[in-house]
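Below you'll find the structure, written out as structure tokens, and then a few comments.
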Amino acid sequence: MSEFDQKAADWDKNHDHSTRAQKLADYLATQVDLTKVKTAMEYGSGTGLLSFALKDKIPSIELMDSSIEMTKAAKRKVEEQGINTLHPIQYDMMTQGLPSTRYNLIFILQTLHHIEDTLGFVQKSAELLNPNGYLVIIDLVKEDGSFHEDEFHGHKGFVQAELEQKLKNSGLTVTHYGICHTIEKESEDGANKEYPLFMMVGRK
Ligand SMILES: C[S@@+](CC[C@H](N)C(=O)[O-])C[C@H]1O[C@@H](n2cnc3c(N)ncnc32)[C@H](O)[C@@H]1O
């Protein structure tokens, strides 16, 4: 069982996970013209919190995640709520190749720092976008490594200029960068530590 398979059952019980989704959806809607978006894909969607928050604004969203348990949790919620516009699938495009569908919008929340080949992800996403499509990345600003308590081999957040360069190298124009949320965690000395999340928007 993967780390995220183990976390799936309790993912939505985390107050920050469940409350930030609507705020991020509202922010995203100020930076992307959603009236032009017919098909979207959330990559590393987990239980689908952000997609659920966007479901009334986008006609069809694929929720792609490599974790079977996260995908099952998302499917369960979709079925329970009788939603026919959200489509969870277990898939890892970093190892399984590109899907055949093309999208007007791809968004990724708190997942890029788990993907080793960041440039590869951006390039694949750019390929999957229709002309004028958007890639929206929401992730941690460069941090000191204290965000993950468990053993962690991913990226310790991102530097704006370095990530922007990867989008530019993949043929995308960066149209927005801003801080969209701040995660607060108690550090070892009992003090509160803040981890800002950025939103970067690239357009094909
Ligand atoms: C930190 S969680 C974020 C989940 C969700 N986006 C949220 O913020 O609630 C990271 C998610 O990315 C998924 N993930 C990690 N690596 C992945 C990959 N290579 N392909 C697809 N999903 C991946 C994990 O299974 C997990 O569900």
Side-chain angles (χ1 to χ4, degrees), residues 1-9 11-12 17 21 24 28 32 37-55 58-79 83-140 148 150-158 162-163 165-172 200-204:
M1 228 190 199
S2 79
E3 173 201 349
F4 286 109
D5 284 335
Q6 287 168 13
K7 290 182 173 171
W11 192 261
D12 291 5
H17 294 166
L24 295 175
L28 188 151
V32 171
V37 175
K38 305 295 172 228
T39 57
M41 185 260 276
E42 178 175 8
Y43 196 71
S45 43
T47 60
L49 289 164
L50 184 52
S51 287
F52 274 79
L54 285 165
K55 73 176 170 29
I58 300 176
S60 173
I61 310 179
E62 259 175 36
L63 284 66
M64 230 179 245
D65 199 289
S66 54
S67 154
I68 182 69
E69 293 303 327
M70 285 288 193
T71 307
K72 278 188 195 164
K75 276 190 179 156
R76 211 174 298 125
K77 292 197 298 183
V78 165
E79 281 161 20
I83 299 167
N84 55 18
T85 57
L86 300 180
H87 311 285
I89 52 167
Q90 185 200 8
Y91 200 78
D92 184 341
M93 72 172 185
M94 300 309 294
T95 57
Q96 290 178 264
L98 285 188
S100 55
T101 318
R102 293 296 176 266
Y103 310 94
N104 307 118
L105 165 68
I106 295 174
F107 54 101
I108 177 167
L109 164 61
Q110 281 284 75
T111 294
L112 192 62
H113 65 254
H114 291 285
I115 295 178
E116 189 183 346
D117 181 7
T118 312
L119 176 61
F121 169 78
V122 175
Q123 284 172 334
K124 285 176 198 290
S125 298
E127 211 174 319
L128 288 174
L129 286 174
N130 287 321
N132 297 313
Y134 299 90
L135 172 62
V136 176
I137 298 172
I138 305 169
D139 214 304
L140 293 163
H148 291 89
D150 318 326
E151 198 184 338
F152 174 68
H153 302 290
H155 304 275
K156 295 168 186 167
F158 296 96
E162 290 174 8
L163 189 56
Q165 197 55 51
K166 289 180 181 166
L167 269 68
K168 285 178 194 159
N169 291 348
S170 308
L172 302 177
M200 185 178 286
V201 181
R203 189 130 199 227
K204 187 162 171 179

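Just so you know, these numbers come straight off a predicted model, no measurement behind them.
Of the possible polar contacts, none joining the Q90 side chain to the S67 backbone as a donor-acceptor pair under 3.5 Å is found. With hydrogens and angles disregarded, a donor-acceptor distance shorter than 3.5 Å links the side chain of D5 to the backbone of S2. The backbone N or O of L109 lies less than 3.5 Å from a partner atom in the side chain of T111, making a donor-acceptor pair.
Between I106 and S125 the shortest heavy-atom distance is CD1-O, 3.5 Å.
Atom CG of L163 and atom CG of L167 lie 5.5 Å apart (nearest 0.5 Å). Expressed to the nearest 0.5 Å, how far OG of S51 lies from NE2 of H87 amounts to 10.5 Å. For the atom pair CD of E42 and CG of L63, the computed distance is 5.5 Å after rounding to the nearest 0.5 Å. Separation of atoms CG (D65) and NZ (K72) is listed at 13.5 Å; rounding is to 0.5 Å. Atom CZ of R102 is separated from atom NZ of K204 by 7.5 Å, given to the nearest 0.5 angstrom. Interatomic distance, K77 NZ to T47 OG1, rounded to the nearest 0.5 Å: 3.5 Å.
L50 is not listed as a side-chain neighbour of S45, based on a closest heavy-atom distance of 4.5 Å or more. F158 has its side chain out of reach of I137: every pair of non-hydrogen atoms, C-beta onward, lies at least 4.5 Å apart. Contact of the L49 side chain with the D12 side chain is registered, since non-hydrogen atoms from C-beta on lie closer than 4.5 Å. A heavy-atom distance below 4.5 Å is found between the side chains of M94 and Y43. In this structure, the side chains of I138 and Q110 stay at 4.5 Å or more apart for every pair of heavy atoms. Looking at F4 and H114, their side chains come closer than 4.5 Å, going by heavy atoms from C-beta outward. At least one side-chain heavy atom of V32 sits under 4.5 Å from a side-chain heavy atom of V136.
Residues forming a side chain to side chain contact (heavy atoms under 4.5 Å, CB included) with L98 (at least two apart in sequence, or on another chain): M93, K124, E127, L128.
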(Q) side-chain contact (heavy atoms from CB on, under 4.5 Å), that's the test. Do I108 and F121 meet it? Break it down for me. (A) CA-CA 10 Å; I108 177 167; F121 169 78; 3.6 Å; yes
Q.
Show, in sequence, the C-alpha distance, side-chain angles and deciding distance for M41 and I61, and conclude whether the side-chain contact (heavy atoms from CB on, under 4.5 Å) test is met.
A. CA-CA 5 Å; M41 185 260 276; I61 310 179; 5.9 Å; no
Q.
Go through it in stages, so that I can follow the logic: the residues are F107 and L54, the test is side-chain contact (heavy atoms from CB on, under 4.5 Å), and I'd like the CA-CA distance, side-chain angles, deciding distance and then a yes or no.
A. CA-CA 11 Å; F107 54 101; L54 285 165; 3.8 Å; yes
Q.
Set out, in order, the CA-CA distance, both residues' side-chain angles and the distance that settles side-chain contact (heavy atoms from CB on, under 4.5 Å) for L112 and T118, then state yes or no.
A. CA-CA 7 Å; L112 192 62; T118 312; 3.7 Å; yes
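Aromatic ring orientation, W11 versus H17: parallel (interplanar angle below 30°, classes split at 30° and 60°). Ring-plane geometry between F152 and H148 is classed as parallel, the angle between the planes falling under 30 degrees on a 0 to 90 degree scale with a further cut at 60.
No side-chain N or O of Y91 forms a donor-acceptor pair with one of E62 less than 3.5 Å apart.
Cation-pi geometry between K55 and F52 is not met at under 6.0 angstrom from the ring centre and within 45 degrees of the axis.
Within a 6.0 Å radius of CD in Q96, more than 12 heavy atoms belonging to other residues, nucleotides or ligands are found.
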